[in-house]
Peer 1: 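Okay, handing you the structure first.
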Amino acid sequence: MNKAYPRHLSRHVESLEDLWDFHFEEGKSLDQIAPQELVFAERLHVPGAFDAAPAYLGKRGTGIYRRRLRIEPGTTALLEFGAVSFAARVLVDGRCLAEHFCGYSPFTVTVPASDQPERELVVLAENRFDFERIPMHEHFFDFYQFGGIIRPVWLHHLPKAHIVDVRVDATDYRGGVVEVRGRVSGGGGEITVAVCDTTLAPAKTTPDAQGRFALRLTVPSPRAWSPTSPNLYRLRVAFGADDTVVRFGFRKIEADGARLLLNGEPLRLFGYNRHEYFPNFGPSTPFAQMVHDVQLLKDCGCNFVRGSHYPQDQRFLDLCDEMGLVVWEENLGWGQNCKQLEHPLYRKHHQTALEEMVARSYNHPSILIWGFLNEAATDQDCFRPIFEKSMGYLRAEGGNRLVAYASNRIEKDRYFEEVDIVCINFYPGWYGAEDHPDPVSMIVPHIAGFVAHLEKRGLAEKPLLLSEIGCEALYGWRDQQRDFHSEEYQLDYLRTVCREAVDNPRLLGVCLWHFSDARTYSGGRARGRPRAFNNKGTVDEYRRPKLARDAVRAIFRETLKR
Ligand code: ADA
């Protein structure tokens with residue numbers, strides 16, 4: 001069993017990581033492709049972004065992937081896609097089984113039984129910007145959007161009676177009560193639930209007419225999950241010939257005035273925003289690199305990572321659960337304005353992706369914050385309907401988590417009263433600061449000004465997080481005048497930010513923009529970003545540290561001793 005993907009025991013789950021047949025149609029949408037007429041002369045690795053591969057670098061169109069599946073005749077299977085970017089169409093034996101329209105959210109496709117042991121799977125992945133069809137992806141996002149089957153694919157060989165979903169709520173970190181609910185399909189019979197690694201006797205129940213079940217167990221002397229003690233438990237659910245293992249942790253997060261309490265103890269947050277990006281692979285970071293990233297974050301004294309700006313790879317979330325990093329997971333979004341927020345198809349796809357994210361990530365104890373709509377038009381009325389729907393959904397269905405969005409409308413934002421944490425993205429001493437004689441000196445007064453604004457607004461008792469702040473430094477660019485884009489300027493800047501974030505008790509903490517340099521702007525040229533990268537990482541894209549890294553590390557590590 002792969003520890004980082006700890007889900008199934010006896011159900012046969014096959015990784016489809018491999019070379020798949022591949023063909024590319026430049027400039028075409030997936031609606032313009034007839035897969036049966038194509039010649040697949042190429043092979044590409046799955047998972048992977050085709051437009052990060054040398055032959056298709058930077059190209060836009062539709063990538064067509066093909067491979068054989070072996071499925072026992074007469075049985076149903078389930079394809080689980082980590083992410084297919086941007087839009088996907090899934091065909092088995094020439095029949096379209098599903099379409100999907102958010103390039104970062106996970107989805108599943110049921111493969112109906114056939115009498116043939118060998119089946120043909122074709123996946124079309126389109127990476128063209130086409131707002132009327134694929135409105136979740138826009139060319140103006142400040143990160144490069146790649147195309148392809150960018151995350152792992154799994155094939156579940158399903159027994160007729162099988163488990164569909166299991167959700168665990170374990171907020172009773174003292175008493176050890178575990179609430180388990182879920183759904184089965186294809187038959188009745190007994191469902192057995194056991195907490196592995198304990199001597200607790202398994203509990204049994206039967207599903208209702210819709211296949212739903214719910215029960216509770218009590219684990220004696222539970223060990224709570226926290227970033228400093230990331231204790232995990234495994235829960236085994238068995239139903240007929242099927243079983244599944246779900247990992248969970250006992251923890252409770254709540255807002256208490258301006259503070260957060262994790263398991264009753266104050267929790268402050270210090271960490272980074274992180275894009276899923278690595279050179280040559282784009283958004284398909286090799287797993288070994290993800291492990292390094294989590295280790296680098298922990299070494300830097302971080303207890304927090306924001307998965308900017310999309311649902312995360314499940315393997316990364318598993319690592320955060322295991323190594324103890326609090327996660328903010330958010331839906332795909334960047335700078336949406338009324339044009340997008342009022343568009344019915346945009347709203348529909350946004351909601352679908354939100355539900356997919358929650359369904360797949362529900363059991364990760366590390367996720368303490370759900371986010372959505374980064375830097376949207378939160379100073380406008382057009383934000384209200386989608387805001388209310390998303391908030392309502394996340395509060396009702398998201399389990400024990402806080403809900404927030406990151407705002408760049410600052411004092412003009414109209415919705416701070418309604419979120420659990422006020423989160424602001426701002427860049428004092430960077431954007432618009434070129435003519436200031438001492439731009440770093442702008443940072444602390446800016447923060448103080450916003451704190452005073454919240455007070456005036458009656459929000460002095462709301463948690464406040466600096467969800468993004470930072471400045472660019474080009475790796476290796478050293479400058480005795482400590483000017484913009486030098487490693488020295490970033491050092492001065494981040495030292496000031498981190499000092500203030502740690503020392504100012506009004507702040508929950510800081511989430512620096514950003515962990516590592518990442519390629520940007522997919523549609524058009526790189527608008528004022530040297531190298532076509534967002535260079536605000538304190539490590540570059542190869543994770544080579546810039547000057548500021550040790551300063552951030554020294555200050556963040558102080559917080560571990562408190
Ligand atoms: C925003 C945005 C980030 C990035 C950043 C920047 O806050 O959320 O994705 O674009 O600005 O570097 O300017």
Side-chain angles (χ1 to χ4, degrees), residues 103-104 136-146 271-277 282-283 304-312 328-337 340-341 369 371-379 383 404-413 415 419 421-434 439 442-443 446-447 450 464-475 484-485 489-490 493-494 497 501 510-541 546 548:
Y104 290 94
M136 290 287 283
H137 290 261
E138 291 269 23
H139 64 284
F140 56 75
F141 295 177
D142 181 12
F143 55 95
Y144 197 96
Q145 293 162 85
F146 291 84
Y272 278 96
N273 287 272
R274 176 179 175 275
H275 267 303
E276 199 63 79
Y277 177 82
F304 181 51
V305 62
R306 174 173 174 228
S308 50
H309 298 296
Y310 30 76
Q312 298 294 290
W328 161 325
E329 189 178 25
E330 70 184 21
N331 202 4
L332 175 61
W334 199 94
Q336 271 77 15
N337 233 313
Q340 292 86 23
L341 302 175
I369 302 171
F372 57 95
L373 288 171
N374 174 64
E375 296 193 345
T378 50
D379 52 349
F383 185 67
Y405 58 78
S407 170
N408 67 345
R409 305 299 151 111
I410 318 297
E411 300 188 1
K412 293 201 185 96
D413 193 297
Y415 299 83
V419 289
I421 310 175
V422 171
C423 298
I424 50 165
N425 296 353
F426 66 2
Y427 293 81
W430 183 248
Y431 293 120
E434 294 82 355
M442 299 167 78
I443 296 169
H446 244 80
I447 295 171
F450 186 70
L464 166 61
L465 177 70
L466 305 180
S467 43
E468 284 186 30
I469 186 165
C471 70
E472 302 236 334
L474 297 168
Y475 177 83
F484 276 18
H485 287 104
Y489 185 75
Q490 191 192 43
Y493 188 101
L494 292 185
V497 167
V510 66
C511 191
L512 300 174
W513 186 268
H514 58 161
F515 169 62
S516 58
D517 291 349
R519 182 138 196 135
T520 188
Y521 292 126
S522 342
R525 304 262 75 96
R527 294 176 221 171
R529 293 258 189 266
R531 310 191 303 130
F533 271 69
N534 188 312
N535 295 294
K536 296 188 188 72
T538 32
V539 297
D540 76 352
E541 62 274 27
K546 303 179 190 172

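A quick note: this is a predicted structure, and the numbers were derived from the prediction, not measured. Values below: all heavy atoms of this structure, side chains included; hydrogens, waters and symmetry mates excluded. We count ligands from 1, going down the list as the structure has it; atoms in each ligand are counted the same way.
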Peer 1: Please identify which atoms of ligand 1 are closer than 4.0 Å to at least one heavy atom of N534.
Peer 2: 4 (C), 6 (C), 12 (O)
Peer 1: Would you kindly specify which portion of W513 sits under 4.0 Å from ligand 1, judged on non-hydrogen atoms: side chain, backbone, both or neither?
Peer 2: side chain
Peer 1: With a cutoff of 4.0 Å, is W334 in contact with ligand 1, counting heavy atoms of the residue only?
Peer 2: yes
Peer 1: Considering the options E138, H137, H139, which one meets the side-chain hydrogen bond (donor to acceptor under 3.5 Å, both in side chains) requirement together with Q145?
Peer 2: H137
Peer 1: Tell me which protein heavy atom sits closest to atom 3 (C) of ligand 1, plus the residue, atom name and distance to 0.1 Å.
Peer 2: E468 OE1, 3.3 Å
Peer 1: With atoms numbered from 1 as shown, which atoms in ligand 1 lie under 4.0 angstrom from a non-hydrogen atom of D142?
Peer 2: 4 (C), 6 (C), 10 (O), 12 (O)
Peer 1: Would you check if the side chain of D517 reaches a backbone N or O of G537 as a donor-acceptor pair within less than 3.5 Å?
Peer 2: yes
Peer 1: One thing to verify: whether K412 and D379 come together as a salt bridge, which I'm taking to mean a side-chain N less than 4.0 angstrom from a carboxylate O.
Peer 2: no
Peer 1: If we only count N/O pairs under 3.5 Å, is H275 in contact with ligand 1?
Peer 2: no
Peer 1: Which ligand 1 atoms are under 4.0 Å away from a heavy-atom of N425?
Peer 2: 7 (O), 8 (O)
Peer 1: Name all residues meeting the salt bridge (charged side-chain N to carboxylate O under 4.0 Å, His left out) criterion together with E472; count only those two or more places apart in sequence or in a different chain, and write none if there are none.
Peer 2: R529, K536
Peer 1: When you measure from atom 13 (O) of ligand 1 to each heavy atom in W430, Y427, Y521, Y431, which option holds the nearest one?
Peer 2: Y431
Peer 1: Have a look at ligand 1 and work out which part of H514, if any, has a heavy atom under 4.0 Å from it: side chain, backbone, both or neither.
Peer 2: neither
Peer 1: Of all the non-hydrogen atoms in the protein, which one sits nearest to atom 12 (O) of ligand 1, and at what distance?
Peer 2: K536 NZ, 2.5 Å
Peer 1: Go through the structure and list residues passing salt bridge (charged side-chain N to carboxylate O under 4.0 Å, His left out) with D540, not counting sequence neighbours.
Peer 2: R544
Peer 1: Where's the contact between N374 and ligand 1, heavy-atom distance under 4.0 Å: side chain, backbone, both or neither?
Peer 2: side chain
Peer 1: Going by distance alone, is a donor N or O of one side chain under 3.5 Å from an acceptor N or O of the other, for N374 and E330?
Peer 2: no
Peer 1: Going by an N to O cut-off under 4.0 Å, is there a salt bridge joining E541 and R519?
Peer 2: no
Peer 1: Is L466 close to I424 at the side-chain level, that is, under 4.5 Å between some pair of heavy atoms?
Peer 2: yes
Peer 1: Tell me which part of R529 gets within contact of ligand 1: side chain, backbone, both or neither, using heavy atoms under 4.0 Å.
Peer 2: side chain
